[in-house]
Chemist: 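Below you will find the structure I want to go over with you.
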Amino acid sequence: MTRLRAVVVLFLATCGGVPPEPVDEAPPDLRESVEVTRWSARSELFMEYPELQVGSSSRFAVHLTDLESFRPLEAGSVAVELDHGDGTLERFAVDVPSQPGIFGITVRPERAGTPSLAVRVQSPAMQDLHQLGLVRVLGESARFDPPGSGPDVADATATIAFLKEQQWTMEFATQLVEGSAMQQSLRVPAMVEPRSGGRLVVTAPVAGRLLASVRMPGLGAAVQRGELLGEIVPHWAGPPDRTALQLAIDEAEVASEAARRQRQRAERLLAVGAVPERRLEDAKADEAVALARLTAADRRMAHYEASRRDDPHKDSLSSFSVRAHLEGVVTAVHATEGAHVEEGDVLLEIAATEMVHVSAAIPEARAAVLRSLKGAEIELSDGATVLPVRALVSTAMVVDPQTRTLKATYLVDNSGRQLAIGQSVIVRLFTAHTVDAPAVPDSALVDDGGRTVVYLQTGGEAFERRQVELGNRMGQNVQVTAGLRVGERVVTKGAYLLRLSSLSPRAPSHGHVH
């Protein structure tokens, strides 16, 4: 029967006989949405809620970010407090977030007026209080205009939407722009050179041939103090006839054998008292002289043979070892293994790298800078690494006729091996004059088509692109001469990803589900 009634009603409705029953619909909520962003020393509060009205529920979406890590607050209780100032305090709280960082709180005020609004945070990670000032609570009979009926005021500055859920999932951070007094500076090219007393020229101690079996270090190789660099066998200065050398050895062997027999005969005669003890001592001396001549003959033969081979005889003392007397790197190689060298020829050049000199080339038009130098720092090619200098070694008030520059030389600690001898770097020279201006970390700067820009956070999920002009730089901080004011909040991490997000053809949908 129920199905039959339904069919009849549907038939009559389509024929115009019986109109359908009206469906009750809730009136639309015409209250405007309010957005609030506040920063304390410990947390960032971003909150959205509809206008407050007596007897109506307003759903507060409270977003809380820990400013130490810029991660969402994942646990704790959050309370919205309305203080009417006469001892009446309305408090609405939740003990857990609806999702990490977002606390959904339903606020239903019972009294109209302008109470003070505060958000109190209590969690294991922090205890914080955001005082938001006076807020309007409308009466129950108040009426609201439909959305869009008010005056349309165009925002002159384009706002970039970047939701909290996006910020929390990436490496993101902001900080307040502060004023900074920095020394005026000048960026100039420079060259890394060996320090004074840090260059060693290795020469050949004798004329001879470098043994091919002893590998010499190559260009750029690191060497230690006392390390073997090469082996030289001096040129043979004796007769080139090997037969004569062998004859000398044979004669020395015969003489040595005869001296040995004479010594043995003297020992036997002395034992029976036939000769004095002096006779035995003379025989021993003759034997020692004969052995020395034999040894010398053997070494002359070994030297002769070594001059014809790559390796000296193991018992020969004719080769000369060339060793390093300085720890550093090889900066030049002038000889190869197996080559013939003359006494005094340069074999290698070694430079110490633990401490180096960096010589800055200052244009002659800026020569006055030399009279007011107050420090410097070295910028490497990656743009992010900055090395301090140890001391100013010298300034040369002489213009190089080729480059039209003057030189200022600094001593730099290079124990980290970040500088190579002969490397070109950039040196920032600081003067005694200082300039006050807003300063930001260089991580906040983004190259946007050849223009330097930063991104400012104007609200919890609202950002603004700002073109800036740069001034002095010291370490990782850069002064901004135009485009920023002290007290604005600049994005210091994630600025480039924010730029990519702003270029997306689809802007992130605004609003949240809680």
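Values in this document were obtained by computation on a predicted structure and should not be read as measured data.
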Chemist: Look up atom OG1 in Thr65 and atom CD in Glu44, then write down how far apart they are to the nearest 0.5 Å.
Modeler: 4.5 Å
Chemist: Take a 6.0 Å sphere around OH of Tyr496 and say whether it holds more than 12 heavy atoms from other residues, nucleotides or ligands.
Modeler: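 12 or below, so no.
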Chemist: Would you say Ser394's side chain and Thr409's backbone share a donor-acceptor pair under 3.5 angstrom?
Modeler: no
Chemist: Checking Glu193 side chain against His357 main chain: does a donor-acceptor pair fall under 3.5 Å?
Modeler: no
Chemist: I'd like to know if the side chain of Gln479 reaches the main chain of Val435, judged simply by a donor and an acceptor atom lying under 3.5 Å from each other, with no hydrogens or angles considered.
Modeler: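 Side chain of Gln479 to backbone of Val435, a donor-acceptor pair under 3.5 Å: yes, one is there.
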Chemist: Treating Thr37 as the side-chain partner and Gly460 as the backbone partner, does any N or O pair qualify as donor plus acceptor under 3.5 Å?
Modeler: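 Yes, Thr37 side chain to Gly460 backbone: donor-acceptor pair under 3.5 Å.
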Chemist: Give a yes or no on whether Arg199 atom CZ has more than 12 heavy-atom contacts from other residues, nucleotides or ligands under 6.0 Å away.
Modeler: no
Chemist: Looking at Arg428 and Ala376, would you say the former's side chain and the latter's main chain have a donor-acceptor pair under 3.5 Å?
Modeler: no
Chemist: About how many Å separate NE2 of His63 and CD of Glu165, when rounded to the nearest 0.5 Å?
Modeler: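 If I round to the nearest 0.5 Å, the distance is 5.5 Å.
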Chemist: Show every salt bridge (Lys or Arg N to Asp or Glu O under 4.0 Å) that has at least one partner inside residues 354-372, sequence neighbours left out.
Modeler: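 Listed by first then second residue: Glu354-Arg417, Glu364-Arg404.
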Chemist: So which of Asp447, Val446, Val468 actually passes side chain to side chain contact (heavy atoms under 4.5 Å, CB included) with Val453?
Modeler: Val446
Chemist: Answer yes or no: is there a side-chain heavy-atom contact under 4.5 Å between Glu337 and Val214?
Modeler: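 No, too far: nothing below the 4.5 Å cut-off.
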Chemist: Between Gln183 (side chain only) and Thr431 (backbone N and O only), is there a donor and an acceptor less than 3.5 Å apart?
Modeler: yes
Chemist: Atom CZ of residue position Arg215 - does it have more than 12 heavy atoms of other residues, nucleotides or ligands inside 6.0 Å?
Modeler: no
Chemist: Do Arg323 side-chain atoms and Gly226 backbone N/O form a donor-acceptor pair below 3.5 Å?
Modeler: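 Confirmed, Arg323 side chain pairs with Gly226 backbone.
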Chemist: Can Leu484 and Leu456 be said to form a side chain to side chain contact (heavy atoms under 4.5 Å, CB included), step by step?
Modeler: CA-CA 9 Å; Leu484 276 186; Leu456 301 180; 3.4 Å; yes
Chemist: Under a 4.5 Å cut-off applied to non-hydrogen side-chain atoms, are Asn472 and Thr434 in contact?
Modeler: no
Chemist: Evaluate side chain to side chain contact (heavy atoms under 4.5 Å, CB included) for Met397 paired with Leu406, printing each intermediate quantity in order.
Modeler: CA-CA 6 Å; Met397 294 299 293; Leu406 300 92; 4.2 Å; yes
Chemist: Rounded to the nearest 0.5 Å, what's the gap from CG on Asn477 to CG on Asp442? Could you check?
Modeler: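 With rounding to 0.5 Å, CG (Asn477) is 7.5 Å from CG (Asp442).
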Chemist: Starting from the C-alpha separation in whole Å, work towards a yes-or-no answer on side chain to side chain contact (heavy atoms under 4.5 Å, CB included) for Val386 and Ile378.
Modeler: CA-CA 5 Å; Val386 176; Ile378 301 167; over 6 Å; no
Chemist: For the atom pair CD (Gln175) and CZ (Phe70), what is the distance rounded to the nearest 0.5 Å?
Modeler: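 Reported to 0.5 Å precision, the distance equals 8.5 Å.
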Chemist: For Arg451, does the CZ atom sit with more than 12 other heavy atoms under 6.0 Å from it, leaving out its own atoms?
Modeler: yes
Chemist: Counting distance only, does the side-chain N/O of Ser443 pair as donor-acceptor with the main-chain N or O of Thr492 below 3.5 Å?
Modeler: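 Pair found, side chain donor or acceptor close to backbone of Thr492.
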Chemist: Find the distance between CG (Leu219) and CD (Glu349) and round it off to the nearest 0.5 Å.
Modeler: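 Spacing of CG (Leu219) from CD (Glu349) equals 10.0 Å.
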Chemist: If you define the side chain from C-beta out and look only at heavy atoms, does anything of Ser77 sit under 4.5 Å from Gln122?
Modeler: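 Yes, close enough: below the 4.5 Å cut-off.
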Chemist: Check Asp413 with Arg390, please: is the shortest side-chain N to carboxylate O separation under 4.0 Å?
Modeler: yes
Chemist: Would you say Ile102 and Pro72 make side-chain contact, with heavy atoms under 4.5 Å?
Modeler: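 Sidechains of Pro72 and Ile102: no contact.
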Chemist: Report yes if some heavy atom in the side chain of Leu229 is under 4.5 Å from a heavy atom in the side chain of Ile350; otherwise report no.
Modeler: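 Side-chain contact under 4.5 Å: yes.
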Chemist: Kindly indicate whether the side chain of Tyr410, heavy atoms from C-beta on, has any atom under 4.5 Å from the side chain of Leu429.
Modeler: yes
Chemist: Do Pro205 and Ile232 have side chains that approach each other closer than 4.5 Å (heavy atoms only, starting at C-beta)?
Modeler: yes
Chemist: Checking Asn414 side chain against Gln418 main chain: does a donor-acceptor pair fall under 3.5 Å?
Modeler: yes
Chemist: Do Val491 and Phe162 touch side chain to side chain, with heavy atoms closer than 4.5 Å?
Modeler: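 The answer is no, as the side chains (C-beta and beyond) never meet within the 4.5 Å cut-off.
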Chemist: Take atom CD in Glu227; do more than 12 heavy atoms of anything else shown fall under 6.0 Å from it?
Modeler: yes
Chemist: Look only at the side chain of Ser256 and the backbone of Ala252, and say whether a donor-acceptor pair between them is shorter than 3.5 Å.
Modeler: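 Side chain of Ser256 to backbone of Ala252, a donor-acceptor pair under 3.5 Å: no, none is there.
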Chemist: Please assess Ser502 against Tyr455 for the test side chain to side chain contact (heavy atoms under 4.5 Å, CB included), listing each intermediate value before the final yes or no.
Modeler: CA-CA 11 Å; Ser502 68; Tyr455 288 88; 4.2 Å; yes
Chemist: Suppose the criterion is salt bridge (Lys or Arg N to Asp or Glu O under 4.0 Å): which pairs have a residue in residues 476-490, not counting sequence neighbours?
Modeler: Arg466-Glu488, Arg485-Glu488
Chemist: Can you measure from CZ (Arg187) to CD (Glu377) and round to the nearest 0.5 angstrom?
Modeler: 10.0 Å
Chemist: Just to verify, which of Leu45, Leu73, Val121 counts as forming a side chain to side chain contact (heavy atoms under 4.5 Å, CB included) with Val62?
Modeler: Leu45
